[in-house]
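Read through the structure below, which is laid out as structure tokens, and then see the notes.
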Amino acid sequence: MSATVGTGWEVVIGLEVHAQLLTRSKMFCGCPAAFGAAPNSRTCPVCQGMPGVLPVVNRRAIELAIRTALAFDCRVNEACRFARKHYYYPDMPKNFQISQYEEPLAEEGVLEIDAEGASRPIGIQRLHLEEDVGKLVHEGTLETARASLVDYNRSGVPLMETVSKPDLRSPEEAAAYLKSFRAVLVYLGVCDGNMEEGSLRCDANVSLRPRGATELGTKVEIKNLNSFRNVQHALEFEVTRQRRALEAGERVAQETRLWDADRALTRSMRSKEFAHDYRYFPEPDLVPLTIARAWVEEIRAGLPELPRRRRQRFVAQHGLPPYDAEVLTQSRALADYFEAAVREFPQPKTVSNWVMSELLRVLPADDERAIQGAPITPARLGGLLALIEDGTISGKIAKDVFEKMFRTGDDARAIVAREGLTQVADEGALAAIVDQVMARNPKAIEDYKKGKTAAAKALVGQVMKATGGKANPGIVNRLLEEKLSKT
Amino acid sequence: MTGLTIHELGAAYRRGETTPTQVVAAYLARIERLDARVGAYLTVTREAALRAAAAADARHRAGTPLGPLDGVPLAVKDVLCTRGVRTTCGSKILERFVPPYDATAVERLAAAGAVLLGKTNMDEFAMGSSTEHSAFRPTKNPWDLARVPGGSSGGSAAAVAGDLAAGAFGTDTGGSVRQPAAFCGVVGLKPTYGRVSRYGLVAFASSLDQIGPLGQDVRDAALLLGAVAGHDPRDATSVDAPVPDYAAALDGGVRGLRVGVPREYFIEGMDPEVGRAVREAVETLRGLGATVEDVSLPTTDYGIAVYYVIAPAEASSNLARYDGVKYGLRVGGAKDLIEMSSRTRAAGFGAEVKRRIMLGTYALSAGYHDAYYGRAQKVRTLVRRDFARAFERVDLLVGPTTPNVAFRLGEKEDPLAMYLNDVFTVPTSLAGLPAVSVRCGFSAAGLPIGLQLIGRAFDEPTILRAAHAYERATSWLARRPSLA
Amino acid sequence: MISRDDVVQVARLARLELSEAELERMRRQLDGILAYIDQLKALDVAGVEPTSHAVPLTNVMREDEAAPCWPQEEMLANAPDRAGELFRVPRIIED
Ligand SMILES: [Zn+2]
């Protein structure tokens with residue numbers, strides 16, 4: 001399974017994840033931060049880096065970053081400041097990026113990941129804020145293009161960079177880290193987690209060292225890992241590439257490589273282009289921030305329960321099997337849905353079964369918006385389950401009702417009434433049907449008497465068929481048992 | 001009709017003796033007649049000025065002027081962005097740049113009813129002390145057309161001195177308002193850092209730049225400052241503190257004020273005429289009732305060295321955006337982006353700007369960052385401490401604005417010799433303090449000499465009050481350059 | 001002393017094309033200025049806090065409110081070269 005198994009090498013991976021924050025406006029100006037609009041239609045002199053403009057910090061971006069830092073148990077630095085990071089690239093209008101360097105917003109945190117069935121803490125080195133760059137469109141590919149085109153709409157969108165410690169030991173762990181990371185961010189409501197649209201982007205540092213060694217090997221940076229699959233595939237490719245090189249006695253060059261998803265390989269970026277000297281210095285246009293403890297505590301008090309803790313609580317408080325708890329906490333919307341339904345119908349395992357088997361059959365677990373807008377609200381699911389509980393409908397009928405509820409958005413009671421699906425629980429009427437069925441099936445009665453208990457099931461089926469599935473199975477069973485024992 | 005001070009103009013408008021349109025037209029005519037010789041303007045906004053004047057006429061007729069600047073013709077340095085009016089910063093690289101927005105100061109002047117006559121010449125990107133580093137043409141000193149007006153706000157100072165505008169604005173990073181004010185014999189004020197919004201001021205060195213007024217007398221400077229000072233949410237370094245009525249604070253004299261005279265501001269190699277005039281000015285203040293004491297600012301000598309690390313470092317960053325991609329000049333025919341940007345910058349920037357970009361890039365680069373930029377920032381702290389100590393004992397400091405009077409065009413070819421001209425103005429900029437330069441005499445050759453008054457942070461009222469008392473006690477303002 | 005190679009490297013970082021003559025002149029001038037700046041080394045700055053802002057302000061922030069954007073055409077008007085709604089630049093990879 002892992003690219004490292006059976007080798008004498010240990011894989012060392014650290015991830016840098018960039019997440020666009022869910023603010024209304026950009027990091028340093030009032031332009032909307034939302035994705036998607038005609039090119040260069042969401043800019044202003046500030047985010048286009050015109051002469052004379054000045055940045056002003058978006059308070060909400062700081063707040064969202066602190067929120068994230070607290071979720072990772074980071075130390076939120078009391079003094080933090082912005083710095084200019086210099087390099088030339090046409091998607092960056094000022095040819096410097098306002099970022100953080102010596103005094104980042106937060107440091108020293110931890111993210112628990114699940115690796116091979118066990119939980120493992122991965123260190124977080126630092127978390128800081130910066131501004132996103134614009135988008136380049138190449139006329140052809142980057143290599144062959146005669147010209148490139150620039151759209152500055154994305155320029156200045158708040159970007160939170162989180163750097164892990166080199167604690168990850170396999171491509172699978174790296175993918176698991178990214179998954180947990182994304183889940184936490186989405187849970188916190190700080191990022192929409194959409195990797196296709198680039199709301200969440202990932203770079204990796206990979207090196208190999210002989211097992212048991214304490215010094216790190218030569219580190220290669222891999223860029224452009226924009227999906228979970230890419231992270232794992234790119235790292236597997238890179239680990240194999242480095243292992244082969246090392247085993248052939250070659251040296252691994254310290255460089256930046258780009259993951260080419262189409263060709264499924266990493267390739268070296270021209271080193272000249274990335275030989276940077278960033279010349280950081282404190283951003284003179286922005287004053288330092290002093291993060292008040294009271295503000296941090298206020299943000300901490302507003303933190304939602306994180307996936308990991310919620311999963312544990314679902315087991316402890318609702319008595320769910322760990323498997324159920326894990327499925328139900330895949331997204332905040334789903335976990336909220338489950339708990340809301342349990343408030344309506346306080347039988348957690350029953351609710352869990354219905355959510356997992358029925359709701360997730362029609363809606364993806366991690367589609368927050370779809371689950372929040374599900375036509376079957378938690379209250380309606382509770383109502384449906386109550387109808388089963390009080391014997392109005394059978395579980396089998398309930399599944400049909402569920403589908404109709406999903407299609408029409410009606411509540412269960414209305415559908416049951418409209419379609420006459422109420423269970424037949426009238427003993428007199430059912431007794432008459434049972435008698436008719438028994439009269440038509442003497443063979444089954446003979447078999448039953450010979451000890452073939454399965455014959456009774458066939459008779460129940462006949463009764464259900466005769467009632468169009470509406471007979472109360474409990475009553476039918478009891479009546480049949482009584483009558484069979486009397487014959 | 002030209003040559004009245006702003007407060008005199010205001011009175012004339014109120015009494016109906018003249019109208020903004022008449023005055024603006026007179027200034028435009030004078031510019032047309034004389035500016036070819038002075039070179040104060042890069043752009044004259046004739047049509048817009050006449051339109052704004054007509055609107056001011058109507059307000060004055062209705063008896064509802066917007067304030068003391070309503071209908072007053074002003075010039076602003078071409079480093080302040082003006083919506084729809086090209087803003088060149090004296091550079092080829094921005095020769096055709098037309099900002100889609102107004103600087104906050106420009107916006108506030110318009111809101112006060114001021115009439116913009118045009119944009120004034122300057123050393124490219126405000127880097128220089130003579131206005132010879134303009135990419136377009138040098139500006140001449142109205143007192144002697146063979147001499148420089150100082151810089152970098154030389155166009156604004158020459159416009160005021162030559163009666164080509166009633167008042168003007170410049171920017172001061174290391175002395176760029178005060179030094180040309182001294183050379184041209186006008187009043188030039190650098191406000192406390194954070195007092196005037198920098199939004200729309202094309203940055204040279206962000207931690208030092210301030211917009212400042214140039215006026216014919218102290219009262220004009222106070223009126224001009226009052227129109228642009230105050231908090232701006234678009235500038236995070238602008239301070240949210242109330243703006244005093246600077247003009248109302250002018251009276252009251254200097255009796256009881258403690259005036260400090262920094263020992264280090266009288267140096268060897270300084271023009272003796274300047275030293276003498278400044279010492280006489282100190283005696284005048286003493287005669288008016290101020291107490292005078294010697295103070296020491298021991299790090300004065302290091303100011304230039306600190307400044308020539310920090311300002312170029314910030315400049316190298318601020319000027320990185322001029323790469324031929326989004327606006328301004330682009331040199332064609334390059335085979336790739338790097339070549340295009342490198343050639344555009346080579347063709348678009350002048351020698352002084354290139355020198356400072358190189359110096360700043362070097363001072364920030366790996367291996368040199370701590371030795372230059374890091375150390376300069378620490379010495380900057382020492383400079384600030386010097387002033388803080390001095391202001392424990394005195395209310396203001398008084399000394400020369402520059403060591404010399406205006407020099408001849410082409411006289412200072414060595415960059416370092418030019419830099420040393422800022423020795424008395426740079427420390428105040430490093431400390432972010434307010435300072436004003438006023439005329440305090442003339443050299444034997446008839447060139448004005450500048451007296452610098454330095455105040456505590458946000459204490460512009462005190463230095464203006466002292467400058468005003470000095471101005472009223474002397475008659476230096478009676479003399480005017482003759483251009484005609 | 002600043003070397004010619006240093007000047008070449010700094011010019012590359014600063015994206016400035018310098019002719020041979022300019023390179024040498026620049027080297028000489030920078031050398032003179034740096035020698036002057038080197039007097040800072042005489043000062044003892046141990047334990048001195050650096051100053052990066054002249055005015056001691058902290059925590060200046062704005063509320064997260066989206067303002068209307070600027071007209072697209074105004075933001076593109078100064079472009080030296082464009083393709084419709086986009087800024088256009090020569091090929092990015094060096095030949
Ligand atoms: Zn914007």
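In what follows, every chain begins at residue 1, and chains take the letters A, B, ... in the order their sequences are listed.
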Subject >> Residue B/Asp209 versus chain A: region with a heavy atom under 4.5 Å >> reply: neither

Subject >> Donor + acceptor pair across side chains of A/Asn58, A/Ser25 (<3.5 Å) >> reply: yes

**OP:** Return the option, out of B/Thr87, B/Leu319, B/Asn318, with the maximum number of heavy-atom pairs under 4.5 Å with chain A.
**Re:** B/Asn318

Subject >> Taking every non-hydrogen atom, the tightest pair across A/Cys80 and A/Gln100 >> reply: SG-NE2, 3.4 Å

Original post:
How are the rings of A/Tyr280 and A/Tyr278 set relative to one another: parallel (under 30°), tilted (30 to 60°) or perpendicular (over 60°)?
Top reply: perpendicular

Original post:
Which region of B/Thr361, side chain (C-beta onward) or backbone (N, CA, C, O), has a non-hydrogen atom less than 4.5 Å from a non-hydrogen atom of chain A, or is it both or neither?
Top reply: both

**OP:** For each of A/Val287, A/Asp285, A/Val46, tally heavy-atom pairs with chain B at distances under 4.5 Å, and name the one with the top tally.
**Re:** A/Asp285

**OP:** Tell me, for B/Leu337 versus chain A, whether the close heavy atoms (under 4.5 Å) come from the side chain, the backbone, both or neither.
**Re:** side chain

**OP:** Would you mind telling me which of B/Val79, B/Thr237, B/Leu208 has the largest number of heavy-atom pairs within less than 4.5 Å of chain A?
**Re:** B/Thr237

Original post:
Under 3.5 Å, is there a donor-acceptor pair linking the side chains of A/Arg126 and A/Asn77?
Top reply: no

Original post:
Any chance the side chains of A/Arg279 and B/Tyr368 put a donor and an acceptor closer than 3.5 Å?
Top reply: no

Original post:
Is there a donor-acceptor contact under 3.5 Å linking the side chains of A/Thr218 and A/Gln254?
Top reply: no

**OP:** Please confirm whether A/His128 and A/Tyr101 have ring centers closer than 6.0 angstrom.
**Re:** no

**OP:** Check each atom of B/Ala366 against the heavy atoms of chain A and say whether the ones under 4.5 Å are side chain, backbone, both or neither.
**Re:** both

**OP:** For ring-ring contact (aromatic ring centres under 6.0 Å, His included), just list the numbers for B/Phe125 and B/Tyr322, CA-CA rounded to whole Å, side-chain angles, deciding distance to a tenth of an Å, and then say yes or no.
**Re:** CA-CA 12 Å; B/Phe125 284 103; B/Tyr322 307 110; 5.1 Å; yes

Subject >> Part of A/Phe28 within contact of chain B (heavy atom distance under 4.5 Å) >> reply: neither

**OP:** Sort B/Tyr199 into side chain, backbone, both or neither according to what part of it lies under 4.5 angstrom from a heavy atom of chain A.
**Re:** both

Subject >> Residue among B/Gly200, B/Ala103, B/Ser207, B/Cys81 with most heavy-atom pairs under 4.5 Å to chain A >> reply: B/Gly200

Original post:
Among B/Leu94, B/Leu80, B/Leu201, which has the most heavy-atom pairs under 4.5 Å with chain A?
Top reply: B/Leu201

Original post:
At a heavy-atom separation under 4.5 Å, does B/Ala313 approach chain A through its side chain, its backbone, both, or neither?
Top reply: backbone

Subject >> B/Ser153 side chain to B/Ser176 side chain, donor-acceptor N/O pair below 3.5 angstrom >> reply: no

Original post:
Is chain B contacted by the side chain of A/Pro93, its backbone, both, or neither, given a heavy-atom distance below 4.5 Å?
Top reply: both

